[in-house]
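Reading through the structure tokens given below for one structure.
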Amino acid sequence: MASGVRVRFAPSPTGHLHVGGARTALFNWLFARHHGGTFILRIEDTDRSRSTEANLDAILDALRWLELEWDEGPPTPGYRQTERFELYRAHAARLRAGGRAYFCDCTPELLDQQRKAAEARKETFRYNGRCRDRGLTAGALRLRIPGTGSTVVDDLIHGPVSFDHAQLDDWILVRSDGTPTYNFCVVVDDVTMQITHVIRGNDHLSNTPKQVLCYDALDYPVPAFAHVSMILGADRARLSKRHGATSVQAYREAGILPEAMVNYLARLGWSSGDQEIFSRGELVERFDIKDVSSAGAIFDQAKLEWVSHEHMKRADGARLVALVRPFIEAAGLTAPPPARLQPMLDTLRERAKTLRELVEVGRFYFERPTSYEDKARARLLTPVGAERLRVLGERLAVVEPFTAPALEALYRALVDELALKLVDLAQLTRLATTGRTASPPLFDVLALLGREEVLHRLRAAAAVARGAP
RNA sequence: GGCCCCAUCGUCUAGAGGCCCAGGACACGGCCCUCUCAAGGCUGAAACACGGGUUCGAAUCCCGUUGGGGCCA
């Protein structure tokens, strides 16, 4: 059901997609999907010196990874600010013709001088409107704003926020060199794209009254605003590089599940009762912008990993197979065919928070042990251990079927026979077959490895044990 | 500096005047389960920033202070 709701996410391709930006994009996307509206992607690339195509590609890629598909935007032309200068020019001309904006030729030196004077008087510098009625035909274009009264931004998250006009000044729409300013471009873009709800970072709240005044001057209806709090680092300062990984890409490479990233980001500053784990569908269904917190939230990687772990446990098996394959290859290992890999992953998924951990924890499935844990080796790979491995090899060579229950029965019987505890043979076998003292349930591991492989690993470990002092 | 935003356990939050000597989750500790590691179950410690009001009654409303953040410079 299509509604009139139109929202947008407008990143600048000056870097990777930041988790804060990703959350803003997510809230826009959720709002659009919840209301059956339209989610638009616009590229704010007017800063040509810092914007690159590579950054843009990386951002689009990250958005796709999060499955925040956009209904309008690139590659369709017309959604990049650099393609929209004619629009800015036309709107500027309209404001000037209607007397809502005027040219100003005050030099930077003059402005600077006034700024210093204001500071000396301990006042805040505001442009004094010197050129308002001079009828100039060139210079910087300024918006004429009311000298008295106030503008109230009725924010969906913060409620009404009032700004005194006395605090504002006739701000510059278009610089004397003809380039439109950020705030002006945003207004023209939002207006021409018929945006109904502007959901963006809290850092833009202070710019909003200026923009509202511009909508008024243009005689356009003002959209609804929702200013989402920022994501903070552990020291409560805005999350930045010095706090660690900030880009979505970094978490993708670390093996965080995309649905976990979405879940975590949504839960950061938003909640629905006591629920922590949400599917994408549940998020769309439950999301309400009014439930978004107005306070800043600290990015907690431990919680993100826990959420990822929860999704790891629930993920569809075939999907997990597809997701983990690149990580197996990146580790220099070879992935078994899906039919063999999937049951292996089922023994690993509750032991790993990320796809990368999934590979680390299950490394022995993909390659033979290249070493044995030192302490365990000294304790278990001894002459006695060698003899036990020999006996185990004999029994395992003939047990039928080679399944977890049958193997467990074999081990339990043998333990009784040798007057040992299960743990004695289990840890020995575990070390021999995985090289480690911790692994998924042993009998599952053996069954998955297969008889021939297990026998081979047992013999290799026995050889090491015999060679030990 | 001016303006604006924010303030419940270490962290994310529930709480929209009495249900709260504050609930859930992550992280942390303990116990149980157990072939190891996990997972799971039980359990412990842990918060309404401070000060004034308003009210029979405030985490919840108002004012101020403090602290943090943002925007403009």
Side-chain angles (χ1 to χ4, degrees), chain A residues 111-112 114-116 118-127 150-151 153 155 157-169 171 182-183 201-210 227-239 263-277 290-310 312-313 347-353 357 361-362 373 376 380 404 407-408 411-412 415 420-431 433-434 436-446:
Chain A
L111 263 18
D112 219 53
Q114 292 177 354
R115 189 188 330 276
K116 293 222 169 68
E119 269 167 31
R121 292 191 306 267
K122 297 215 181 240
E123 287 172 14
T124 308
F125 170 72
R126 257 172 279 113
Y127 173 68
S150 62
T151 288
V153 176
D155 193 278
I157 292 171
H158 294 281
V161 184
S162 178
F163 296 86
D164 213 325
H165 291 165
Q167 297 297 331
L168 272 23
D169 63 2
W171 57 284
Y182 171 78
N183 282 309
N202 208 222
D203 46 341
H204 288 105
L205 183 53
S206 300
N207 286 327
T208 308
K210 292 163 74 171
H227 288 92
V228 178
S229 68
M230 324 236 68
I231 295 184
L232 280 21
D235 57 359
R236 300 212 83 90
R238 181 193 202 140
L239 187 69
N263 187 158
Y264 176 72
L265 253 19
R267 259 304 268 109
L268 195 59
W270 172 84
S271 61
S272 177
D274 284 341
Q275 191 169 341
E276 296 285 349
I277 303 302
K290 287 179 183 61
D291 296 330
V292 173
S293 166
S294 51
I298 293 173
F299 191 87
D300 181 357
Q301 190 160 331
K303 177 100 178 230
L304 167 63
E305 289 177 353
W306 174 78
V307 171
S308 187
H309 191 190
E310 290 300 308
M312 187 80 79
K313 286 189 279 186
T347 69
L348 302 171
R349 62 206 301 170
E350 69 183 30
R351 294 174 171 74
K353 297 190 273 293
E357 273 185 28
V361 152
E373 281 181 24
L380 296 168
L407 292 169
E408 179 159 4
Y411 268 70
R412 291 202 183 274
V415 157
L420 294 170
K421 285 181 178 161
L422 183 56
V423 67
D424 298 323
L425 290 186
Q427 283 304 73
L428 176 64
T429 309
R430 174 171 279 117
L431 185 69
T433 52
T434 71
R436 305 179 195 173
T437 52
S439 84
L442 181 66
F443 307 115
D444 292 328
V445 168
L446 299 183

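Below, read A as the first sequence line, B as the second, and so on, with proteins coming before strands; counting in each chain starts at 1. Excluded from the calculations below are hydrogen atoms, water molecules and symmetry mates; all remaining heavy atoms, backbone and side chain alike, are included.
- Contact check for A/Phe299 versus A/Leu232: no side-chain heavy atoms found under the 4.5 Å cut-off.
- Side chains of A/His204 and A/Tyr182 form a contact here, defined as non-hydrogen atoms less than 4.5 Å apart.
- Contact check, A/Lys353 against B/A38: no side-chain N or O comes under 4.0 Å of OP1 or OP2.
- Put simply, CG on A/Leu265 is 16 Å from C1' on B/C26, counting in whole angstrom units.
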- Message: Is there a side-chain contact (heavy atoms from CB on, under 4.5 Å) between A/Met230 and A/Leu239? Walk through the geometry before answering.
- Response: CA-CA 8 Å; A/Met230 324 236 68; A/Leu239 187 69; over 6 Å; no

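- B/U13 and B/A59 have their C1' atoms separated by 14 Å, with the value rounded to a whole Å.
- Following rounding to the nearest Å, A/Ile277 (CD1) and B/C12 (P) show an atom-to-atom distance of 17 Å.
- Looking at which nucleotide of RNA chain B each of A/Asp300 and A/His158 is closest to, the 5′-most match is held by A/His158.
- Between the C1' atoms of B/G52 and B/U66, the separation comes to 14 Å (whole Å).
- A salt bridge between A/Asp112 and A/Arg115 is present, with a side-chain N of the basic residue lying under 4.0 Å from a carboxylate O of the acidic one.
- Taking 4.5 Å as the limit, some side-chain heavy atom of A/Leu348 sits within range of a side-chain heavy atom of A/Pro440.
- At a threshold of 4.0 angstrom between heavy atoms, the contacts of A/Thr429 with the nucleic acid are absent.
- Pairing of B/U66, defined by two Watson-Crick or G-U wobble distances under 3.5 Å, is identified with B/A7.
- Nucleotides B/A7 and B/U65 place their C1' atoms 13 Å apart, quoted to the nearest Å.
- On the C1' atoms, B/A45 is 22 Å away from B/G40, given to the nearest whole Å.
- Which of B/U13, B/U36, B/G2 sits closest to the side chain of A/Arg267 comes down to B/U13.
- Rounded to an integer number of Å, the gap from A/Trp270 CH2 to B/C12 P is 17 Å.
- The side chain of A/Lys303 approaches B/C26 more closely than any other nucleotide in the set B/U13, B/C26, B/C3.
- Using a 4.0 Å heavy-atom cutoff across all strands shown, A/Glu276 reaches at least one base atom of the nucleic acid.
- Here the C1' atom of nucleotide B/C12 and the CG atom of A/Asp291 are 15 Å apart, to the nearest Å.
- Between A/Lys303 and A/Glu276, at least one side-chain nitrogen of the basic residue sits less than 4.0 Å from a carboxylate oxygen of the acidic one, meeting the salt-bridge criterion.
- Within the 4.0 angstrom heavy-atom criterion, only backbone atoms of the sugar-phosphate kind lie near A/Lys313; the bases stay farther away.
- One P atom belongs to B/C42, the other to B/C48, and the distance between them is 27 Å to the nearest Å.
- The nearest whole Å value for the distance from the CG atom in A/Asp444 to the C1' atom in B/U34 is 14 Å.
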- Letter per nucleotide, 5' to 3', of nucleotides 64-73 of chain B [B base touched, S only sugar-phosphate touched, - untouched; heavy atoms, 4.0 Å]: ----SSBS-S

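- Residue A/Phe299 is out of contact with every strand shown, counting any heavy-atom pair closer than 4.0 Å.
- Distance from the side chain of A/Gln427 is smallest to B/U36 among B/U36, B/U13, B/C26.
- Checking B/U54 for Watson-Crick or G-U wobble geometry (two distances, each under 3.5 Å) identifies no partner in any strand.
- Annotation: side-chain hydrogen bond (donor to acceptor under 3.5 Å, both in side chains) contacts of A/Thr434 (sequence neighbours excluded): none.
- Side-chain atoms of A/Leu442 lie closest to B/C35 of the nucleotides B/C35, B/A7, B/U11.
- In this entry the distance linking CE of A/Met312 with P of B/A38 reads 16 Å, nearest Å.
- The pairing partner recorded for B/A16 is none, the criterion being a Watson-Crick or G-U wobble arrangement whose two distances lie under 3.5 angstrom.
- Heavy atoms of A/Ser271 sit under 4.0 angstrom from primed sugar atoms or phosphate atoms, though from no base atom.
- Between A/Ala302 and A/Gly273, the residue whose closest nucleotide on RNA chain B is further toward the 5' end is A/Gly273.
- For A/Leu422, the side-chain atoms get nearest to B/C35 when compared with the rest of B/C35, B/U11, B/C5.
- Residues A/Arg238 and A/Asp203 are in side-chain contact: their nearest non-hydrogen atoms beyond the backbone lie under 4.5 Å apart.
- A/Arg412 comes within 4.0 angstrom of the backbone, heavy atoms only, and of no base.
- As judged by a 4.0 angstrom heavy-atom cut-off over every strand, A/Thr437 is placed among the base-contacting residues.
- Looking at A/Asn202 and A/His227, their side chains never bring a donor and an acceptor atom within 3.5 Å of each other.
- Pairing of B/C42, defined by two Watson-Crick or G-U wobble distances under 3.5 Å, is identified with B/G30.
- The distance between atom CG of A/Asp274 and atom P of B/C12, rounded to the nearest whole Å, is 17 Å.
- Taking atom P in both B/C21 and B/A58, the straight-line distance is 12 Å, to the nearest Å.
- Within the shown strands, B/C72 is the pairing partner of B/G1 under the Watson-Crick or G-U definition, both distances less than 3.5 Å.
- No hydrogens or angles considered: a donor-acceptor pair under 3.5 Å links the side chains of A/Thr429 and A/Tyr411.
- Between the P atoms of B/G44 and B/C6, the separation comes to 36 Å (whole Å).
- A/His227 comes within 4.0 angstrom of no nucleic acid atom, judged by non-hydrogen atoms across all strands.
- Atom pair A/Gln167:CD and B/C3:C1' shows a separation of 5 Å (rounding to whole Å applied).
- Between the side chain of A/Ser229 and the main chain of A/Ser294, no donor-acceptor pair closer than 3.5 Å is present.
- Among the heavy atoms of the strands, none lies under 4.0 Å from A/Gly201.
- Nearest to the side-chain atoms of A/Glu350 among the listed nucleotides B/A39, B/C37, B/C6 stands B/A39.
- A gap of 11 Å separates the P atoms of B/G29 and B/A38, to the nearest Å.
- If you check every strand for non-hydrogen atoms under 4.0 Å, A/Pro441 touches a base.
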